[in-house]
Amino acid sequence: MKIDGSVALVTGANRGLGAAFARALVERGAKTVYAGVRDPSTVTDPGLVPVRLDVTDPAQVAAAAELCGDIDLLINNAGVLGTPEREMATNYLGVMAMSRAFAPVLARNGGGALVNMLSVLSFLTFPQVATYAASKAAAWSLTNALRMELREQGTLVVGVHAGYIDTDMAAGVTVPKLAPAEVAALALDGLEAGLTEVLADELSRTAKAALSQPPS
């Protein structure tokens, strides 16, 4: 789909990767960019329309679907690294709630696209991040199911996978990291090209390729 002239909603849009997505959409000519955040006062960019949105709150999700009924692009970016309960509630159930609420909106507006920000940890796991990886693996499975389910209504479903991104979540990791703007650009390039999956770095590409290898 074309971003120029589109109407988009980005969750978790007040900082990090979400802010980069919102900024890139404005720069690429989106007509309206809704910034879904828990606290609308944290959205200071005049090019964005703040929307109170906690993706774990059913009432706020329903209200956002009503308020943002003109969108043709949903970017499920909001995510947390915390307790297992918070991770699953936000990273998986939140994505499912948003997708369910906005699928009819996208259908009414011509199909559009739904982008889920996933992770290389959708494909692999480590003891230190086992529950976070489980939540992202669940979101990846959901993304694959949504792609099949929403195909008939003309909605493009894109899964974006990346390794370490230079955000608050990865602040304690001392390895090379992707800039949020770089990930947002790659994701939006893939969206405009009609891709269903974007592997933003070599780590993600290698991990995905390894899934087809026999177990050792």
Side-chain angles (χ1 to χ4, degrees), residues 1-81 90-91 94-95 97-99 101-119 155-158 160 162 164-171 177-193 198 200:
M1 68 170 287
K2 295 289 186 183
I3 293 171
D4 186 29
S6 67
V7 179
L9 167 61
V10 182
T11 66
N14 57 327
R15 60 180 183 162
L17 182 57
F21 267 121
R23 192 175 304 114
L25 287 165
V26 171
E27 291 172 351
R28 292 183 184 220
K31 182 169 65 175
T32 305
V33 180
Y34 295 105
V37 293
R38 287 191 175 96
D39 180 2
S41 70
T42 61
V43 179
T44 58
D45 190 323
L48 305 178
V49 180
V51 175
R52 186 178 299 278
L53 179 57
D54 179 343
V55 300
T56 69
D57 184 326
Q60 290 190 22
V61 171
E66 184 71 24
L67 178 65
C68 307
D70 55 343
I71 74 161
D72 52 13
L73 172 57
L74 171 63
I75 298 182
N76 283 317
N77 164 78
V80 299
L81 176 64
T90 303
N91 303 345
V95 172
M98 289 292 294
S99 301
F102 279 91
V105 175
L106 296 173
R108 287 198 307 268
N109 296 329
L114 187 159
V115 178
N116 288 340
M117 189 62 217
L118 303 171
S119 170
T155 299
L156 173 66
V157 177
V158 184
V160 182
Y164 296 110
I165 305 173
D166 193 11
T167 64
D168 292 347
M169 187 181 292
K177 305 172 192 176
L178 293 165
E182 181 181 1
V183 178
L186 289 168
L188 296 181
D189 287 346
L191 169 64
E192 291 203 297
V198 175

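One-based numbering along the sequence shown.
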Working note: Leu25 + Tyr34, criterion side-chain contact (heavy atoms from CB on, under 4.5 Å); need CA distance, chi angles, decisive distance, verdict. CA-CA 10 Å; Leu25 287 165; Tyr34 295 105; over 6 Å; no
Could you check Leu178 against Leu17 for side-chain contact (heavy atoms from CB on, under 4.5 Å), going step by step and ending with a plain yes or no? CA-CA 10 Å; Leu178 293 165; Leu17 182 57; over 6 Å; no
Run the side-chain contact (heavy atoms from CB on, under 4.5 Å) test on Met1 and Leu73 for me, step by step, so that the C-alpha distance in whole Å, both residues' side-chain angles and the decisive distance to 0.1 Å come before the verdict. CA-CA 9 Å; Met1 68 170 287; Leu73 172 57; 4.3 Å; yes
Does Ile71 form a side-chain contact (heavy atoms from CB on, under 4.5 Å) with Phe102? I'd like the steps, not just the answer. CA-CA 9 Å; Ile71 74 161; Phe102 279 91; 3.5 Å; yes
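Taking all atoms of both residues into account, the shortest heavy-atom contact from Gly69 to Arg108 is O-NH2, 4.2 Å. In terms of heavy atoms, Val61 sits closest to Ala97 at CG1-O, 3.8 Å. Between Thr90 and Gly79, the shortest heavy-atom contact is CG2-CA, 3.9 Å. In plain terms, the two heavy atoms of Val105 and Cys68 that are nearest each other are CG1-O, 3.9 Å. Counting all heavy atoms, side chain and backbone alike, Asp45 lies closest to Gly47 at OD1-N, 2.8 Å. Between Ala101 and Ala65, the shortest heavy-atom distance links the atoms O-CB, 4.0 Å.
Annotation: side chain of Arg23 is not in contact with side chain of Val33 (no heavy-atom distance under 4.5 Å). Between Val158 and Val198, some side-chain heavy-atom pair lies under the 4.5 Å cut-off. Inter-residue side-chain proximity for Asn76 and Leu114 is flagged as met; some heavy-atom pair is nearer than 4.5 Å. Met117 has its side chain out of reach of Ile75: every pair of non-hydrogen atoms, C-beta onward, lies at least 4.5 Å apart. For the pair Leu53 and Arg38, the minimum side-chain heavy-atom distance is 4.5 Å or more. The closest side-chain heavy-atom distance from Asn77 to Val55 is not below 4.5 Å.
Checking side-chain atoms of Arg28 against main-chain N and O of Ile3 turns up no donor-acceptor pair under 3.5 Å. No donor-acceptor pair closer than 3.5 Å links the side chain of Asn116 to the backbone N or O of Leu118. Under a 3.5 Å cut-off, the side chain of Asn14 and the backbone N or O of Val37 do not form any donor-acceptor pair. The main-chain N or O of Ala78 is found under 3.5 Å from a side-chain atom of Thr11 such that the two form a donor-acceptor pair. Within the 3.5 Å criterion, the main-chain N or O of Ala30 finds no donor-acceptor partner in the side chain of Ser6. At distances below 3.5 Å, at least one donor-acceptor pair connects side-chain atoms of Gln60 with backbone N or O atoms of Asp54.
Remark: Asp72 does not engage Lys31 in a salt bridge, criterion side-chain N to carboxylate O under 4.0 Å.
Within the model, atoms CG of Leu74 and OG of Ser99 stand 6.0 Å from one another, a figure rounded to the nearest 0.5 Å.
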